[in-house]
Structures are given as structure tokens and as C-alpha cells.
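Report on the structure given below.
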Amino acid sequence: MRLAGRLKLGFYPLPVKEADRVRVRLQFPQGFAALDPCVGDGIAFSRLLELTNGHRYGIEIDAYRAEQAAQLGIQVVHANAMTVRCSAESVSLLYLNPPYDFEVGQQANKRLELVFLEHTYRWLKPKGVLVLVLPQQQLGVCARLLAEQFEGLSLYRLTEPECVQYHQVVVLASRRPRHVHLGDKALLQAQEYLRRHTDDEELAPLTDATDVIYSVPPSAATTLTDHGIPLDEVEDLLPQSAAYRQASRVLIRKQSNIKGRPLTPLHGGHVSLLATAGMLNGVFGGGEDRHIAHWRSVKFIDHWEENESNGTIIKHDRERFSHELSVVFADGRTQILTHEKERGEP
């Protein structure tokens with residue numbers, strides 16, 4: 001995952017228009033339990049369940065987004081989804097839009113799309129509906145589990161610009177009852193169906209027209225329990241730790257405190273040196289504009305071609321360094337400012 005994606009904790013929300021297109025393919029009972037293990041700000045999940053009367057549960061690791069989702073009437077557990085437990089086969093609808101990355105841990109560094117699916121699919125009751133949003137190229141990674149545990153698979157390409165950027169698709173399916181098993185041939189065919197569409201550019205788009213209906217079964221309220229470390233409490237108590245104070249002297253460089261006014265006005269070169277040296281990092285602004293700024297120097301390589309009169313094409317590469325500013329605002333927004341890569345001959 002790129003740095004910008006890591007700053008967002010892998011948060012790539014489903015556009016509202018796509019959520020509406022999924023919702024027309026779902027039929028809801030009077031009472032049911034629905035879960036989003038990566039609920040984010042809750043907007044897409046709430047839109048998916050709009051005008052329904054069900055129990056809404058979410059899990060979110062980011063404190064600010066967890067608070068946003070809770071304001072939409074979602075019962076949110078502020079935790080890492082991997083440390084949360086839920087009763088098996090207690091949820092009627094599982095909406096899963098997991099982080100797009102590799103895990104770093106003890107599970108052979110598998111794709112997080114598969115890790116989240118393996119952890120949460122057991123919470124879905126038989127005939128319960130799965131709505132899985134993931135990059136198209138990761139269909140093959142999840143193919144075996146989807147083929148073994150789900151039936152009635154439908155696959156669509158998402159067409160909103162944000163989705164096209166990450167080649168997102170949506171899988172709709174129903175949880176197969178435990179007593180129903182596929183034969184080896186049917187299982188291989190289901191896996192091959194998903195793997196075949198991993199790079200299928202002609203995959204049918206998700207449209208407003210209803211071509212299939214998935215009936216969400218009824219269910220009662222359930223309970224989510226976090227068995228992980230309370231991250232917020234640990235963060236608040238950490239500075240009081242004697243071990244932290246000892247380690248911080250070695251690991252955390254003390255910020256230089258530079259005061260005074262230069263004898264002459266600074267020109268652009270002076271400001272650039274100060275920025276890339278870390279002298280202009282810090283907290284600035286107030287209210288919603290309060291932010292943390294961090295500068296660094298990055299290398300760009302410009303490519304261009306030169307055509308000679310005899311038809312020879314000479315390819316040129318030029319390296320240059322520029323500045324990049326990473327900004328994190330008080331409300332959780334992030335932004336990276338840098339020069340765009342030049343195109344064509346300089």
C-alpha cells in the first residue's frame with residue numbers, strides 16, 4: 001500500500017451511488033443484524049441499510065471515523081477487527097470492504113482481503129448475504145474460500161471514478177448451509193469462475209437495474225466483544241511510563257528550538273534547506289485548520305524523447321529532487337503536497 005493509503009489506514013469508502021446500486025439487489029426482513037467490520041465513517045454502510053429496521057454493527061480502528069459512524073446510529077466497536085469476537089452464524093448481512101494491503105504478522109503475510117474474510121465470514125448465518133468489495137486482481141486470492149462457503153455468486157465491476165482507480169469489484173453471495181457440500185468438480189468450477197474474472201476487462205458493470213435479488217434472512221441482535229489492547233488508554237498512559245521516558249531519550253530526537261530573526265530576508269533556497277532539514281516541521285494553525293506538517297526531499301525522474309533528422313530516437317532521463325509536505329489535520333484529514341512530475345521535454 002502506498003504511503004497515502006497507510007495514512008488513511010487503508011480507508012477507501014464505497015461511493016454512495018455504488019451503495020445504492022447494491023441496495024436495490026437486497027431484500028430486507030423486518031428485523032435483522034448487519035455488520036461492517038471496516039465501517040469507516042459509516043456513510044456507505046448506512047446508505048446500504050437506508051429505510052430498513054435492523055441492528056447495525058460496525059468495527060473501526062480509527063477513533064475519529066468510529067465517532068462519525070456512531071453518530072449515524074451504528075453500534076461501533078473502536079478496535080482492530082482481528083481482535084473482535086462475535087457469535088458464529090449470528091449476522092444476516094456482512095458488508096466487507098477490507099484494507100487493500102498485505103498483512104505483517106504470523107499468518108504468512110497473506111492479503112488482508114483474505115484475512116478479513118476468513119475472520120468474519122463465520123459470523124454470517126446460513127443463507128446470510130455477503131457484500132464483498134475488493135480490487136479485481138484479488139479475486140483469485142479469495143476464490144477458494146468463496147467457492148467453499150458461499151453460493152449464488154454474482155460479480156460486478158464498479159464504475160464510479162474512485163472505484164475505477166483501484167479496479168474495484170463487488171461480490172454478492174449467500175452463505176452456504178453447513179450440511180450442503182459441493183463436489184470436487186463443482187468446487188473447482190466455482191473457483192475457476194472467480195479466477196477467470198481476475199483480469200476480465202469485459203466484466204459486467206454494477207448498474208441501477210435489478211437483475212438479481214438476495215433475500216437477507218431475519219436474525220436477532222448480537223454482541224461484539226473486543227479482546228484486544230485498549231489502544232486509546234495505552235496511548236494516554238504511555239508518557240507516564242518510566243520505561244518510555246528512558247527510551248524516548250535515545251529513540252526520539254529532541255526538536256531543535258530555533259528562535260530569533262534572520263539578519264537578512266530568506267530566499268527560496270534558504271527556506272528549502274530549512275524545510276528538508278526538518279526545521280519547519282511542527283504543529284500549526286488553529287481550529288479545523290490545525291495540522292501537523294512534515295517536510296522531506298523526494299527524487300523524481302523525468303523522461304523525454306528527442307527525434308533526430310535521420311529517424312533516430314534519443315531517450316533522455318533526468319533526475320531532480322523536489323520537496324514533499326505531508327499534512328495531518330486535527331479532524332483526521334490527510335494531504336500530501338508535492339510537485340507534479342514533469343512531462344515532455346523540459
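No hydrogens, no waters, no symmetry mates; every other heavy atom, side chains included, goes into these values.
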Does N307 have more than 12 heavy atoms from other residues, nucleotides or ligands lying within 6.0 Å of its CG? yes

Min side-chain heavy-atom separation S297-S322 under 4.5 Å: no

Are any of the side-chain heavy atoms of H227 and V84 separated by less than 4.5 Å? no

Would you say S174 and E151 are linked by a side-chain donor-acceptor pair, where the criterion is simply a distance under 3.5 Å? no

Return the set of residues passing salt bridge (Lys or Arg N to Asp or Glu O under 4.0 Å) with R196 (not counting sequence neighbours), or none when no residue passes. none

With heavy-atom distances below 4.5 Å as the criterion, would you say the side chains of H119 and M82 are in contact? yes

Side-chain donor-acceptor pairs of residues 285-294 under 3.5 Å, sequence neighbours excluded:
{"from": "R290", "atom 1": "NH1", "to": "G285", "atom 2": "O", "distance (Å)": "3.2"}
{"from": "H291", "atom 1": "ND1", "to": "D289", "atom 2": "O", "distance (Å)": "2.9"}

Using side-chain contact (heavy atoms from CB on, under 4.5 Å) as the criterion, point out the one residue from L145, L96, L130 that pairs with Y121. L145

Flag the pair V170 / V131 as yes when at least one side-chain heavy-atom distance between them is below 4.5 Å, and no otherwise. yes

Can you list the steps and then say if E305 with H316 is a side-chain hydrogen bond (donor to acceptor under 3.5 Å, both in side chains)? CA-CA 6 Å; E305 296 181 353; H316 298 271; over 6 Å; no

Look at atom CG of L237 and say whether more than 12 heavy atoms of other residues, nucleotides or ligands are closer to it than 6.0 Å. yes

Compute both the distance and the angle, then confirm whether R25 meets the cation-pi test with Y156: under 6.0 Å from the six-membered ring centre, within 45 degrees of the axis. yes

For F28 and T52, which heavy atoms make the closest approach, and how far apart are they? CD1-CG2, 3.5 Å

Check F150, Y95, Y214, F32 against V129 for a side-chain contact (heavy atoms from CB on, under 4.5 Å) and give me the one that passes. Y214

R23 side-chain N/O to R47 backbone N/O, donor-acceptor pair under 3.5 Å: yes

Could you tell me whether E50 atom CD has more than 12 heavy atoms of other residues or ligands within 6.0 Å of it? yes

